[in-house]
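Input: one structure, supplied below.
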Amino acid sequence: MAAASKPVVVVGAGPVGLALALALAQSEIPVTLVETRSDENFLDQVPRAGSNHPSTLEFFDKIGLYDRMRPRGIVAPRFQYWDRQDGNVIAEFDHTYLKNDTKFPFVLQCERIKIVEEALDMAKQHPLISVRMATTFTGFRQSGDDVQVHVTNSDGEAETISGSYLASAEGARSLARKDMNVEFEGFTYPERTLNIEVAYDFTKHGFTERNYISDPVEYSNLFHWKGPPDRWRVHFPTDPNEDEEELTRSDALQARLKNFLPIDGDYEICGWNLYAVHQRVAKTFRVGRVILLGDAAHVNSPIGGMGLNSGVHDAFNLADKLARILQGAADESELDRYDRQRRQIAVKHTQAQTMRNKRLLEERDPAIRKRNHEELRRTADDPALARKFLLRTSLFDSLREAEQIQ
Ligand SMILES: Cc1cc2nc3c(=O)[nH]c(=O)nc-3n(C[C@H](O)[C@H](O)[C@H](O)COP(=O)(O)OP(=O)(O)OC[C@H]3O[C@@H](n4cnc5c(N)ncnc54)[C@H](O)[C@@H]3O)c2cc1C
């Protein structure tokens, strides 16, 4: 079989791999999608947030996924910055300022697990996508013409799938990245983030659906998710020396929440998790016919909700290039352009912005805090500045910048 008629092998049915598979299939490119989880345990995944920015909603809309996500999510046009020291709102931003820029002038709060459930269902129904569940990618060999993808299939047997290209959307621990000998440059923050999920209506206290809370002692983020029952996620940084068992004991979780916002009685805690936060970008996103995208290519702090979003942007950028190459409308140098475009965005936008977000929330110097808060207020109060700010935070600027990179 000629490389052009072989499927693109996509490893990982996370939001990024699924977006790539659906976008390629929409361009008539056959795909084999390999996922290590089985149908039985696919939905048993650690909860991860999913603040879907307007630019990402436009992409999801192109593949018909937005209409499935919308009823399962919460439309959140506004977000707020709070000062935990005095308990006041510093500034509120409203995506309505983007109403002439996008069909979606809001963020859709729809968690990763709901997105992958809907997208996997769509992939299974698509005649050009062969979904291989319970199949684990183990390695690859490539030649000038194709790539041999080694897997352990659902019967536990070693199997080789022949593909035109291999796209690794395996997440942060990408085996393909390691096999390619590509360095994952960056660092890991010493403190872990504690995420507590509670069924409690925070709007009673003036919070909106997405809140960033600045505090030199314990900054946090507070986000609303659709139930039933509706849940809110509160994130706190933790002391690197604190023992995991101690800090996640039920009374310790209650104490942390009540210290954040005292209420009568106990909070109804639905779950918690503790995770390390990394800032890393792969040294290159492409080696021959093997390409990295999503968390396999870059990981960052979740403050600002940019990991999933920028990964989905990788997927659509890559789908367009692979489709044109396989249809004979472009040559392989397009893949180097994918690397130049998306790697620069990962470093200059996603990483830089998430690091700025964290610094803003945890700032200790009172004079700098005051200056930062005044700047936020001034930006939010001026419609032109607010629109400019929102074009950056909702990743439209990064898409425009990527287009300029040849
Ligand atoms: C607590 C938390 C909160 C977050 N909140 C947000 C947010 O609000 N907004 C945002 O944009 N981002 C957020 N992120 C980041 C976001 O979850 C990730 O950026 C996103 O899930 C990356 O998608 P992905 O498809 O690249 O990888 P993943 O979602 O990690 O998916 C990888 C897939 O590959 C499969 N796989 C792995 N290895 C193999 C193998 N060898 N063979 C076959 N299959 C394999 C896995 O089973 C999985 O299905 C958050 C992350 C965390 C940890």
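Just follow the structure's listing: the first ligand is 1, and inside any ligand the first atom is 1.
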Return the set of residues passing side chain to side chain donor-acceptor pair (under 3.5 Å) with Q125 (not counting sequence neighbours), or none when no residue passes.
-> D121
Present, as a list of atom pairs with distances to 0.1 Å, all nitrogen or oxygen contacts under 3.5 Å between ligand 1 and the protein.
| unit_1 | atom_1 | unit_2 | atom_2 | d |
| --- | --- | --- | --- | --- |
| ligand 1 | 8 (O) | S51 | N | 3.4 |
| ligand 1 | 11 (O) | G305 | O | 3.2 |
| ligand 1 | 11 (O) | G307 | N | 3.2 |
| ligand 1 | 11 (O) | L308 | N | 2.7 |
| ligand 1 | 11 (O) | N309 | N | 3.2 |
| ligand 1 | 11 (O) | N309 | ND2 | 3.0 |
| ligand 1 | 12 (N) | L308 | N | 3.0 |
| ligand 1 | 17 (O) | R48 | NH1 | 3.3 |
| ligand 1 | 19 (O) | D295 | OD1 | 2.7 |
| ligand 1 | 19 (O) | D295 | OD2 | 3.4 |
| ligand 1 | 19 (O) | L308 | N | 3.2 |
| ligand 1 | 21 (O) | R48 | NH1 | 3.1 |
| ligand 1 | 21 (O) | R112 | NE | 3.2 |
| ligand 1 | 25 (O) | P15 | N | 3.4 |
| ligand 1 | 25 (O) | V16 | N | 3.1 |
| ligand 1 | 26 (O) | D295 | N | 2.9 |
| ligand 1 | 29 (O) | R112 | NE | 2.8 |
| ligand 1 | 29 (O) | R112 | NH2 | 2.9 |
| ligand 1 | 30 (O) | R48 | NH2 | 3.2 |
| ligand 1 | 31 (O) | R112 | NH2 | 3.4 |
| ligand 1 | 41 (N) | F137 | O | 3.3 |
| ligand 1 | 42 (N) | F137 | N | 3.0 |
| ligand 1 | 44 (N) | T36 | N | 3.1 |
| ligand 1 | 47 (O) | E35 | OE2 | 2.7 |
| ligand 1 | 49 (O) | E35 | OE1 | 2.7 |
| ligand 1 | 49 (O) | E35 | OE2 | 3.3 |

Does atom NZ of K99 have more than 12 heavy-atom neighbours from other groups under 6.0 Å away?
-> no
Does a sphere of radius 6.0 Å around CZ in R173 hold more than 12 heavy atoms from other residues, nucleotides or ligands, not counting ones at 6.0 Å or beyond?
-> no
Partner residues of H95 under the ring-ring contact (aromatic ring centres under 6.0 Å, His included) criterion, sequence neighbours left out | F79
Evaluate ring-ring contact (aromatic ring centres under 6.0 Å, His included) for Y219 paired with Y212, printing each intermediate quantity in order.
-> CA-CA 8 Å; Y219 69 89; Y212 297 101; over 10 Å; no
Can you give the donor-acceptor pairs under 3.5 Å from side chains of residues 388-396 to other protein atoms, not counting sequence neighbours?
| unit_1 | atom_1 | unit_2 | atom_2 | d |
| --- | --- | --- | --- | --- |
| R392 | NH1 | Q353 | OE1 | 2.5 |
| T393 | OG1 | F389 | O | 3.4 |
| T393 | OG1 | L390 | O | 3.3 |
| S394 | OG | L390 | O | 2.4 |

